[in-house]
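There's a structure below that I have some questions on.
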Amino acid sequence: AQSVAQPEDQVNVAEGNPLTVKCTYSVSGNPYLFWYVQYPNRGLQFLLKYITGDNLVKGSYGFEAEFNKSQTSFHLKKPSALVSDSALYFCAVRDGLTGGGNKLTFGTGTQLKVEL
Amino acid sequence: ETGVTQSPTHLIKTRGQQVTLRCSSQSGHNTVSWYQQALGQGPQFIFQYYREEENGRGNFPPRFSGLQFPNYSSELNVNALELDDSALYLCASSFGTAGTGELFFGEGSRLTVL
């Protein structure tokens, strides 16, 4: 069974400072990893993904994430946070070994709050 | 704008009733997935439809069922509603079933069961 852990319910950061939102995962085969963002009363928006290749992936709005196989982690990062980045962030995983198409397992989410 | 539209946006039902939620996928997408997001939780996979057939299911009972139509739009039906079915129901469309592409989510249908 696949699972995702987001250990922090909330992350607070000052605008202009770097931010990190943590994610660890568990799958049987090679992981397909995703980050999505959710604004209040809205659906989820795709930020970035890791399927294979370079461990550092870059995505939308200046976000990036680093895949670390030995630590089974896929932390989301941004060098300089903006107030408009404040939202709920979800990490998700799919087991690349088994079938199941678009069955993603999501974490419980991390609320990011960026303050002036 | 993602192009995935869901209806209705909000609805209230009573326990035991039945509900149908609708989803129009983004142009060019042939796969639709449905997720349930309870308050304060991450989305949970219900099932996926590809070529008008269910192609993958999560840990949900049979009273959760669906359809996909030739134009790739989809319905989620829930029978015998329970209080715990209160949640935001999200539809996501994509192309194919390889699972390597991003999902495009609608804004959801918020169901309240009283």
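Since this is a predicted model, take the numbers as computed values, not measurements. A note on names: the letters A, B, ... follow the listed sequences, proteins ahead of strands, and every chain is numbered from 1.
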- Query: Quick one: what part of A:Gln6 sits under 4.5 Å from any heavy atom of chain B, side chain, backbone, both or neither?
  - Reply: neither
- Does any heavy atom of chain A fall under 4.5 Å from the side chain of B:Tyr35, the backbone, both, or neither of them? side chain
- Query: Tell me, side chain or backbone of B:Gln44 under 4.5 Å from chain A's heavy atoms, or both, or neither?
  - Reply: neither
- Heavy atoms of B:Gln48 and A:Lys103 approach each other most closely as OE1-N, 4.5 Å
- Query: Rounded to the nearest 0.5 Å, how far does CZ of A:Phe106 lie from CG of B:Leu90?
  - Reply: 8.5 Å
- Message: Counting only heavy atoms from other residues, nucleotides and ligands, does the tally under 6.0 Å from OH of B:Tyr72 exceed 12?
- Response: no
- Separation between CZ of A:Phe46 and CZ of B:Phe105, rounded to the nearest 0.5 Å: 11.5 Å
- Item | For chain A, the option from B:Leu88, B:Leu103, B:Thr31, B:Ile46 that forms the most heavy-atom pairs under 4.5 Å | B:Leu103
- Item | Closest approach of B:Gly42 to A:Phe90 (non-hydrogen atoms, all atoms of both residues) | CA-CE2, 3.4 Å
- Would B:Leu114 end up clustered with B:Leu83 when hydrophobic side chains under 4.5 Å apart are linked, directly or stepwise? no
- Item | Contact leader toward chain B among A:Asp9, A:Thr105, A:Leu104, where contacts are heavy-atom pairs under 4.5 Å | A:Leu104
- Note on the structure: In short, A:Leu44 meets B:Pro43 closest at the heavy-atom pair CD2-CG, 4.0 Å
- Query: Between A:Ile51, A:Leu88, A:Thr52, which has the largest tally of heavy atom pairs under 4.5 Å with chain B?
  - Reply: A:Ile51
